[in-house]
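As structure tokens, the structure follows; a few thoughts come after it.
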Amino acid sequence: MRNLFAMARRIIHQIVRDKRTLALLIIAPLLILTLVWYIFGAKASEPNLAIIHYKSSDLLPAFKSADYERMSPLQARQSLADKKIDAYVDLKTPVKVHLEGSDPSRNGLAMSKIQKSMQAVQQINVKKMKTELTGAIQTQQKTIQAQQQTLRQMTEVMQRYAPSALATIMQNAPKGEKPHAAAAPEKVKLDVTYLHGNDDLNTFDSFGPAMVGIFVFLFIFMIGGVSFLRERTTGTLDRLMASPIKNYQIIWGYMIGFGLFVIVQSFILTCYIVYVLNIYDIGHLLDVLIIVFILSFSALSLSILLSTFASNELQMFQFIPLVIVPQVFLSGLFPIDTLPGWVRALGNLMPIHYSTEALRNIMIRGTGFSGWWFDGLILVLFSIVFIAINILVIRASRPVVD
Amino acid sequence: MNVSYPVKGEHLHKRFKNQIVLDDVSLTLQEGEIYGLIGPSGSGKTTLVRILLGLEKADSGNVELFEQRPTLNAFRSLGYMAQSDALYNELSAYQNLDFFASIQGMGGKEKKQRILEVAKSVDLEKDLKKNVAQFSGGMKRRLSLAAALVHSPRLYLLDEPTVGLDPMIRRNIWTLFHYLKGKGATIIVTTHVMDEVAQCDRVGLLSEGKIIAQGAPRDLMAQYGVPSVEEIFIAIEKEGAKK
Ligand SMILES: Nc1ncnc2c1ncn2[C@@H]1O[C@H](COP(=O)(O)OP(=O)(O)OP(=O)(O)O)[C@@H](O)[C@H]1O
Ligand SMILES: [Mg+2]
């Protein structure tokens, strides 16, 4: 036990005295997350749009001048070529849209805006039809009223001169039914409800859980791996092995020593994105912390394992494109449902995949323990396997009777 | 007389890929002696020491520490100083010694006292607060030695402990070795410095994977009919070249 704590204490001393590493561990993830927040969390900018052939068009009210610049066809074409506008709408029937087209995200913005205006166009058309119809109905009603007037006069005359004939006619006349009052026209508006999240959920909110996982994993991986690698290359590991310390104490010493920083780091990181960046989070902070904590354990144990196969720092960093980058892409940042089966299977071998799943459940879907225990368990299993291999590796290089 | 063997290596073979580094080396240290291991660079001294320690696996042959198969417990009585300094550069000298003492099972006042004691014996007591990163090469070497001494072991395996040290400090360190020996410790030390070799009780000469000569320096001088230890070395090398 004492050895274990001596190991852990030493690692804590090392990190605390190495201010740069400490900064990298704590501040760098915050900086990068802030950057990501600005990029993905910002409200999308408004598209620049214009209309042409608007003078004679009844559709003009649907295209407010605040949103659509009025231009001549020539002007519009020129502005589009200069990328001053993203699209212009030709109001001559049939309505046509001309897009700039080189940037898919701007295309999307322009189209969604124009589609909104087109809904207004439809309403205008509907209204126009309605007024035409009401006009027609009114003329018909007038004719009917005139006929009724004549009928009434005829009835009066008949009552005076042939009452019996009138009675027969009245008896056989079909019973006039009162026309139903026209039902109030229903509002054509979609009523949207969200099972999880709300319409304020932006890209950062859904990226956030994956991002937290990625950064925690990346930084712990780098620092843990390099620190164990140094132990090997400077020969201090040999010194440890020539001491009575037990194999598991070496590895667990690392786990505990780094674990403390992981707790601090994940606490700061999580509080930062939840309370400062205001990421969408309806789950419990503690649940988030637990996941982040066990994720970094798997990062640490994996990095120690891989440091065995590196003989210097550069080689350690060569694992980043191999181990971290695929995890970024398969972590759930991007939808992977359409990928070939083997790629998805690969994703299932990646710790960040599980942390993202768990964190999404916690933060966005607000599920408690029931929503993350499985992913958490798999992360724990990852760590256990890596730790066990680490201990075996050390044991193999130490031909001593235990 | 009850003679015990702190270290015993028998018929050790070791090869790295195609290169045979140790070829049937046997070595037994007697309690309370200083054994000097000499030999040309690359002859396998470090490899031999590491095998005796259990840091490296011999391809065949066996090693005994304190007359039994090496156990973790045996390491309590063993001080190892590697050819590289093997220190934690981010830590202060004190923290380094503190850590190495702790994993040897020391604690409390005893540990503190012992750290100051060994620091003094390698002349570093004023630099304990300094970061190792700010140490000179010689200071690191001495701190590394202090780390091997801190738990007062009975057996020392020191791989070129005095390389890069000035003559004054070197002499102090050898005085320390003789002092430790006087208290019953056994020391095996590799070196290239001939006046150090003369101070050993026994010398083993490792060349091309074999111990080609072994004995007290004076006996070896007589055997080869040369007036200094240095010339033993040269004589043997020449002999080897002739064959
Ligand atoms: N891990 C290793 N892999 C491959 N070859 C090695 C390894 N360690 C040592 N060697 C080789 O074994 C031989 C002996 O090395 P060793 O370090 O034991 O020499 P040495 O006698 O200590 O030399 P020096 O006096 O320079 O310290 C060298 O030729 C070296 O190249
Ligand atoms: Mg050597």
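Chain letters run A, B, ... following the sequence lines, proteins first and then strands; every chain starts at 1.
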Are there over 12 heavy-atom neighbours, none belonging to [X], within less than 6.0 Å of that residue's [atom1]?
X	atom1	answer
Lys112(B)	NZ	no
Phe319(A)	CZ	yes
Tyr179(B)	OH	no
Phe16(B)	CZ	yes

Among the listed options [options], the residue most often paired with chain A at heavy-atom distances under 4.5 Å:
options	answer
Phe99(B), Phe100(B), Tyr80(B)	Phe99(B)
Asn89(B), Asn73(B), Asp98(B), Asn131(B)	Asn131(B)
Ala133(B), Ser92(B), Ala101(B)	Ser92(B)

The interface call for Gln249(A) against chain B, heavy-atom contacts under 4.5 Å, is neither

Whatever's closer than 4.5 Å to a heavy atom in chain B on Ser243(A) counts as both

Which region of [X], side chain (C-beta onward) or backbone (N, CA, C, O), has a non-hydrogen atom less than 4.5 Å from a non-hydrogen atom of chain A, or is it both or neither?
X	answer
Glu56(B)	backbone
Leu157(B)	neither
Ala147(B)	both

Quiz item: For Glu90(B), does its backbone N or O pair with a side-chain atom of Arg17(A) as donor and acceptor, under 3.5 Å?
Solution: yes

Closer than 3.5 angstrom, by distance alone: can the side chain of Arg2(A) be matched with the main-chain N or O of Gly105(B) as a donor-acceptor pair? yes

- Can you tell if the side chain of Ser102(B) reaches within under 4.5 Å of the side chain of Arg9(A), non-hydrogen atoms only? yes

Working to the nearest 0.5 angstrom, can you tell me the gap between [X] [atom1] and [Y] [atom2]?
X	Y	atom1	atom2	answer
Arg10(A)	Leu91(B)	CZ	CG	7.0 Å
Asp238(A)	Met81(B)	CG	CE	14.0 Å
Asn3(A)	Ile103(B)	CG	CD1	7.0 Å
Phe75(B)	Arg239(A)	CZ	CZ	14.0 Å

Residues Ala242(A) and Leu55(B): closest non-hydrogen pair is N-CD2, 4.1 Å

Heaviest contributor of heavy-atom pairs below 4.5 Å to chain B, chosen from Asp18(A), Thr233(A), Leu240(A), Ile15(A), is Leu240(A)

Ranking Gly235(A), Gly253(A), Ala6(A) by heavy-atom pairs under 4.5 Å to chain B gives rank one to Ala6(A)

Under a 4.5 Å heavy-atom criterion, the part of residues 40-50 of chain B in contact with chain A comprises Arg50(B)

Assess whether side chain to side chain contact (heavy atoms under 4.5 Å, CB included) is satisfied between Arg398(A) and Leu72(B), documenting all intermediate values. CA-CA 10 Å; Arg398(A) 205 178 184 191; Leu72(B) 283 185; 3.3 Å; yes

